[in-house]
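Notes follow once the structure below has been shown.
Every value quoted in this text rests on a predicted model; they were computed, and no experiment measured them. Only heavy atoms go into these numbers, but all of them, side chains included; no hydrogens, no water, no symmetry mates.
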Amino acid sequence: MIQTVIKQPAETIRLPLSFDAPVAQILATTSVARGLVAGAAALQAEAGLVGGLVTVMLTGGTDGERYLVTVQAGLDAGEVREIEAEIVVIDAAWTMPDGGAPYLSIDEFVRRFGLPETVRMTDADGSGRIDRALLVAQLVDAQAIVEAHLAGRYALPLAEVPLPVKKAIADLARASLYPGGAPDGVAEAARASMRMLEQIRDGRLTLPSAVPLSPAAIAADPVLFDAGERAYPDGLQDYRL
């Protein structure tokens with residue numbers, strides 16, 4: 001299985017590769033662009049060998065392009081083996097409209113659901129690229145929904161983001177990326193996350209790593225919820241329980 005790694009355009013990363021056996025020498029290292037972005041800059045891939053372990057230094061690349069990096073190595077036993085990794089170069093930085101920090105990164109979203117599904121959900125023009133603007137818009141909406149449910153119980157913004165919060169943002173954003181209606185499993189995951197958020201809002205579930213508001217603050221400053229307009233497509237018409 002090809003390993004997928006997300007890299008920022010200006011970022012330099014070290015990617016360890018496991019050959020499941022000590023490596024005697026590196027025979028070849030190549031980096032090939034998929035051709036999704038016209039005139040994309042090369043991704044520089046330089047493999048190093050220390051104590052039988054291989055690490056690839058990755059620099060450069062163009063936002064939106066994907067690169068296949070292949071390292072061919074000779075093992076101690078004389079066997080020649082190759083490992084491939086797909087490098088997705090994307091500007092993964094985003095903030096809330098008020099400048100607040102994101103609770104879930106683009107990298108975490110892709111790791112949770114996989115690159116093929118993320119591309120399929122966001123690739124409106126068929127280019128094979130992640131539509132960053134579309135994905136960020138759904139992450140912003142999902143985080144706003146989560147914060148609305150936490151605001152009456154916990155100090156915001158969260159200094160440490162618990163895993164249930166990350167899961168809720170991921171599930172809600174994922175469901176909203178299906179404009180024609182989310183598949184049953186995706187829709188049910190979003191509904192389950194909404195039920196969890198309602199339990200947190202009502203004090204029936206707690207977030208141990210979050211800082212709770214004092215009882216006096218909760219009583220003095222209640223949070224009012226306005227149903228407003230539906231944030232999800234008609235395919236989730238039974239989303240509100």
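Arg81 contributes a side-chain N or O that, together with a main-chain N or O of Phe19, makes up a donor-acceptor pair within less than 3.5 Å. Using a distance-only test at 3.5 Å, with no hydrogens or angles considered, no donor-acceptor pair links the side chain of Glu86 to the main chain of Tyr67. Side chain of Arg132 to backbone of Asp91: a donor-acceptor contact under 3.5 angstrom is found. Here the side chain of Glu84 pairs no donor or acceptor atom with the backbone of Thr70 at under 3.5 angstrom. Between the side chain of Glu147 and the backbone N or O of Ala142 there is no donor-acceptor pair closer than 3.5 Å. Put simply, the side chain of Arg66 gets close to the backbone of Gly128: a donor and an acceptor are under 3.5 Å apart. Judged by distance alone, with hydrogens and angles left aside, the side-chain atoms of Ser193 form no donor-acceptor pair with the main-chain N or O of Ala190 at under 3.5 Å. Under a 3.5 Å cut-off, the side chain of Thr118 and the backbone N or O of Val110 do not form any donor-acceptor pair. The backbone N or O of Ser127 lies less than 3.5 Å from a partner atom in the side chain of Asp125, making a donor-acceptor pair.
The shortest side-chain heavy-atom distance between Val71 and Thr30 does not fall under the 4.5 Å cut-off. For the pair Thr206/Ile200, no side-chain contact is recorded, criterion being any heavy-atom separation below 4.5 Å from C-beta on. Counting heavy atoms from C-beta on, the side chains of Ser176 and Asp141 never come closer than 4.5 Å. Side-chain contact between Ile6 and Phe109 is absent, with no heavy-atom pair separated by less than 4.5 Å. Met194 has its side chain within reach of Ile145: a pair of non-hydrogen atoms, C-beta onward, lies under 4.5 Å apart. Looking at heavy atoms from C-beta onward, Trp94 lies in side-chain contact with Gln143 at the 4.5 angstrom threshold.
Heavy-atom minimum distance, Ala47 versus Thr29: CB-OG1, 3.3 Å. Nearest heavy-atom pair across Val23 and Ala73 is CG1-CB, 3.6 Å. Shown here for Pro9 and Ile90, the closest heavy-atom pair between the two residues is CD-O, 3.6 Å. The heavy-atom pair separating Ala151 from Leu156 by the smallest distance is CA-CD1, 3.7 Å. For the residue pair Glu65 and Ala40, the shortest heavy atom distance occurs at OE2-CB, 3.5 Å. Between Gly126 and Asp123, the shortest heavy-atom contact is N-OD1, 3.0 Å.
Side-chain heavy atoms closer than 4.5 Å link hydrophobic residues (I, L, V, M, F, W, Y) into clusters, and following such links, possibly through other members, connects Leu172 to Met96. Residue Val37 is not grouped with residue Val89 when hydrophobic side chains (ILVMFWY) are merged at heavy-atom distances under 4.5 angstrom, including chains of intermediate members. Both Val146 and Ile106 are assigned to one and the same hydrophobic cluster, defined by single-linkage of ILVMFWY side chains at heavy-atom distances under 4.5 Å. The hydrophobic clustering, which links ILVMFWY residues whose side-chain heavy atoms are closer than 4.5 Å, places Leu197 and Leu104 together. Following chains of ILVMFWY side-chain contacts shorter than 4.5 Å, one can reach Ile26 starting from Val69, so the two form part of one hydrophobic cluster.
A distance of 11.5 Å separates CG in Leu36 from CG in Asp63, rounded to the nearest 0.5 Å. One distance of note links CD1 of Ile83 with CD of Gln72; it measures 11.5 Å at 0.5 Å rounding. A distance of 6.5 Å separates CG in Leu17 from CD in Gln3, rounded to the nearest 0.5 Å. Put simply, CZ on Arg204 and CE on Met196 are 12.5 Å apart, with the number rounded to the nearest 0.5 Å. Rounded to the nearest 0.5 angstrom, Tyr154 OH and Arg201 CZ are separated by 13.5 Å.
Ion pairing of Arg191 with Glu188 is present here, as a side-chain N (NZ or NE/NH1/NH2) and a carboxylate O approach within less than 4.0 Å. Taking a cutoff of 4.0 Å between a charged side-chain nitrogen and a carboxylate oxygen, Glu117 and Arg174 qualify as a salt bridge.
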Next item on the list: Walk me through it: do Leu15 and Ile87 pass the test side-chain contact (heavy atoms from CB on, under 4.5 Å)?
Entry: CA-CA 10 Å; Leu15 176 64; Ile87 313 303; 4.2 Å; yes

Next item on the list: Kindly determine whether Ile13 and Lys7 satisfy side-chain contact (heavy atoms from CB on, under 4.5 Å), including the steps that lead there.
Entry: CA-CA 7 Å; Ile13 63 175; Lys7 176 188 175 301; 4.1 Å; yes

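Enclosure of atom CD in Glu46 is not indicated, since only 12 or fewer non-hydrogen atoms of other residues, nucleotides or ligands lie within 6.0 angstrom.
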Pairs of donor and acceptor atoms involving the side chains of residues 53-62, under 3.5 Å and at least two apart or interchain, shall be tabulated with distances.
from: Thr62; atom 1: OG1; to: Ala41; atom 2: N; distance (Å): 2.7

Taking distance alone, no hydrogens or angles, what donor-acceptor pairs closer than 3.5 Å link side-chain atoms of residues 158-170 to residues at least two apart or in another chain?
from: Lys166; atom 1: NZ; to: Tyr103; atom 2: O; distance (Å): 3.0
from: Lys166; atom 1: NZ; to: Glu108; atom 2: OE1; distance (Å): 3.2
from: Lys166; atom 1: NZ; to: Glu108; atom 2: OE2; distance (Å): 2.9
from: Lys167; atom 1: NZ; to: Asp171; atom 2: OD2; distance (Å): 2.6

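Defined by atom type and a distance below 3.5 Å, a donor-acceptor pair is missing between the side-chain atoms of Ser105 and Asp107.
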